[in-house]
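All heavy atoms count here, side chains included; hydrogens, waters and symmetry mates do not. Chain identifiers are assigned alphabetically (A, B, ...) following the order of the sequence lines, protein sequences preceding nucleic acid strands; residue numbering begins at 1 within each chain.
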Amino acid sequence: MRNNLLIYNSLAKKKELFKPLNSPFVGMYVCGPTVYSDAHLGHARPAITFDLLYRYLIHLEYKVRYVRNITDVGHLENDADEGEDKIEKKARFEHLEPMEVVQKYMNTFYKNMAQLNTLHPSIEPRASGHIIEQQELIKILVDKGYAYETNGSVYFDLLTYNEKYKYGILSGRLLDELQSNMRTLEGQDEKRNSFDFALWKKATPEHIMRWPSPWSDGFPGWHLECSAMSTKYLGEEFDIHGGGMDLQFPHHECEIAQSTAAFGKEPVKYWMHNNMITINGQKMARSLGNFITLDQLFSGDHPVLKQPYSPMTIRFFILQAHYRGTIDFSNEALQAAEKGLQKLMKAIETLKKLKPTSISTLDVARLKNKCYEALDDDLNSPILLSHLFEGVKFINSVVDGTEKIDSSGHESLKELFKIFVFQILGLKDEKTGISDEKLTDELMNIIINLRQDAKNNKDWPASDKIRNELKGAGILIKDLKDGAEWERE
RNA sequence: GGUCGGUUAACCGAGUGGUUAGGUAGCGGUCUGCAAAACCGUUUACGGCGGUUCGAAUCCGCCACCGACCUCCA
């Protein structure tokens, strides 16, 4: 097994050699979506980034348990601890049960993820299905003195936590700094300090999603679900936790605090964060009118889009940039990616048909090694792609006769593309979506028009030849007064 | 205001103290009945000003601009 994978650890702020706690087993947790609206461009980035990692770890023969949650309760609209639940709000607008909203957008999310060719995680747990685990975790925190109840709600006591452990190790934020920056919001009189965050919230009478608990009928806080579910499925300590950079603070910082307080040790060995996506240099936001859902991207149905972009174009485009850099979407950039992907796929088709000779001018083993080195360097997919394009150039040069390949080189090069392009990068060939039926119609139109031209020129031998040869292929031409039609025999 | 990150050629986007990343587009050429594809070559690259160094786009300082987070966000 190769064991040279360097991962940039957001906690250490440097690249570190990846060593699983319990090799060959790897536990990996990634924050999934809150399912209250259609999946958008922003969801594609972490999904593809961590799909790449998942695929690579599997390729390296690790036994990976990849957990990605679905947040279907507890994510509030405004402040972390105040405001309406996002899903309830949507349910009210659409006159649906909250769980209907959840189902609807979970379906879209999974559909879009499948289109992007991301593998399903090993477990996709939902917050609402783990209320008991969350309550158990709260009990531990209360018992250990890191949480307190006020009016039926339970809050995490950051000041007490900070005395024993240091809060802010991931984001570099200090507690007193936080205090001076925090806005004063309603309802905070329940808290000992403004920076304390909710573990359990007492439901107001109109709140629909509610569960009984020792403290009140209510619902869990947002940060809690990830700690509860990662602990349940991956243990008190696990290898990798991923998510968007925007989640570093406060979400991941709170997760660290919750788990550390409860179990006395830091939960995660490697924290990984993907960077954000901008559109034409601007942050994607509903208010800026550049908010694009994945369905819109695939259909081209959005004012900023000049054309539809296929799921694989999006995947290729995201892989062309390193996951820790921001990435800017524009029509020009996407069109470039579309062309590049076509070139790659076309060369792979060409490769299959190559005629081997007795000599080879390419060192496939060396190229393969460079591909591994790129991935081992913190998943440097753009470098990997640049190496693969070296292979593309070589393939085309073989066709041109300026390079040679022998049969063993031919086999290993095919294997190389299979591994890196399809298995690890997770790309796939998307034939332009013309159905066979539509193609047949178009081809027959062309043939009938050619025959009509011949008839117009009184070129009867040509027109008869077309009719007879089509008959041989099982297609009957019937001349009409005006034009012709065809049918299968 | 605080914290952090970025500024690379027409566009996207890697990377490095001295040697062509790659993709796309443009230009010239080869090939071709024409076209397409492919191949070869090519276009003011490294925000500004200082410093360290034999040598910096790569290290340091200052400035400008952009962005993220600080409030829900992938």
Ring geometry between [Y] and [X] (parallel below 30°, tilted from 30 to 60°, perpendicular above 60°):
| X | Y | result |
| --- | --- | --- |
| F317(A) | F329(A) | perpendicular |
| F50(A) | Y323(A) | tilted |
| F197(A) | H223(A) | perpendicular |

Tell me the interatomic distance from [X], atom [atom1], to [N], atom [atom2], rounded to whole angstroms.
| X | N | atom1 | atom2 | value |
| --- | --- | --- | --- | --- |
| L362(A) | C39(B) | CG | C1' | 16 Å |
| E390(A) | A21(B) | CD | C1' | 9 Å |
| R324(A) | G67(B) | CZ | P | 22 Å |
| L344(A) | A37(B) | CG | P | 17 Å |
| N275(A) | C12(B) | CG | P | 16 Å |
| Q248(A) | G67(B) | CD | P | 20 Å |
| K393(A) | G41(B) | NZ | P | 6 Å |
| L367(A) | A21(B) | CG | P | 18 Å |

Both N396(A) and G325(A) contact RNA chain B. Which one's nearest nucleotide lies toward the 5' end?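 Whichever sits nearer the 5' end wins; that is G325(A).
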Whichever of D328(A) and C31(A) has the more 5' nearest nucleotide on RNA chain B, that residue is D328(A)
Review point. On the ring face of Y8(A), is R324(A) found with NZ or CZ under 6.0 Å from the centre and within 45° of the axis?
Key: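 The answer is yes; both the distance and angle limits are met.
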Between [M] and [N], how far apart are the [atom1] atoms? Round to whole Å, please.
| N | M | atom1 | answer |
| --- | --- | --- | --- |
| U8(B) | A57(B) | C1' | 8 Å |
| G22(B) | A45(B) | P | 16 Å |
| C31(B) | U24(B) | C1' | 23 Å |
| G23(B) | U42(B) | P | 14 Å |
| A9(B) | G15(B) | P | 16 Å |
| G17(B) | U7(B) | P | 15 Å |
| U32(B) | G48(B) | P | 47 Å |
| C60(B) | A10(B) | C1' | 33 Å |

Side chain of [X]: nearest nucleotide among [options]?
| X | options | answer |
| --- | --- | --- |
| F389(A) | A74(B), G22(B), G13(B) | G22(B) |
| R45(A) | C70(B), A38(B), A74(B) | A74(B) |
| P382(A) | A74(B), A14(B), C39(B) | A14(B) |
| S386(A) | A21(B), C39(B), A74(B) | A21(B) |
| T34(A) | C70(B), G13(B), A74(B) | A74(B) |
| F249(A) | G23(B), C70(B), G13(B) | C70(B) |
| S397(A) | C39(B), A74(B), G22(B) | C39(B) |

Pick base, sugar-phosphate or nothing for [X], based on heavy-atom distances below 4.0 Å to the nucleic acid.
| X | result |
| --- | --- |
| I277(A) | base |
| F316(A) | nothing |
| M276(A) | base |
| A333(A) | sugar-phosphate |
| G42(A) | base |

Applying a 3.5 Å limit to both distances, which nucleotide forms a Watson-Crick or G-U wobble pair with [N]?
| N | answer |
| --- | --- |
| G55(B) | none |
| A64(B) | U7(B) |
| C34(B) | none |
| G28(B) | C40(B) |
| G1(B) | C70(B) |
| U20(B) | none |

query: Would you find a donor on one side and an acceptor on the other, under 3.5 Å apart, between the side chain of K13(A) and the backbone of L170(A)?
result: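 The answer is yes, because a donor-acceptor pair under 3.5 Å joins these two groups.
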Run the salt bridge (Lys or Arg N to Asp or Glu O under 4.0 Å) test on K15(A) and D378(A) for me, step by step, so that the C-alpha distance in whole Å, both residues' side-chain angles and the decisive distance to 0.1 Å come before the verdict. CA-CA 7 Å; K15(A) 289 181 199 172; D378(A) 193 30; 5.6 Å; no
message = Could you check whether any side-chain heavy atom of I314(A) comes within less than 4.5 Å of a side-chain heavy atom of L334(A), counting everything from C-beta outward?
response = yes
- Side chain to side chain, C31(A) and C226(A), heavy atoms closer than 4.5 Å: yes
Under 4.0 Å from OP1 or OP2 of [N]: is there any side-chain N or O of [X] that close?
| X | N | value |
| --- | --- | --- |
| K343(A) | U24(B) | yes |
| H322(A) | G13(B) | no |
| N380(A) | A14(B) | no |

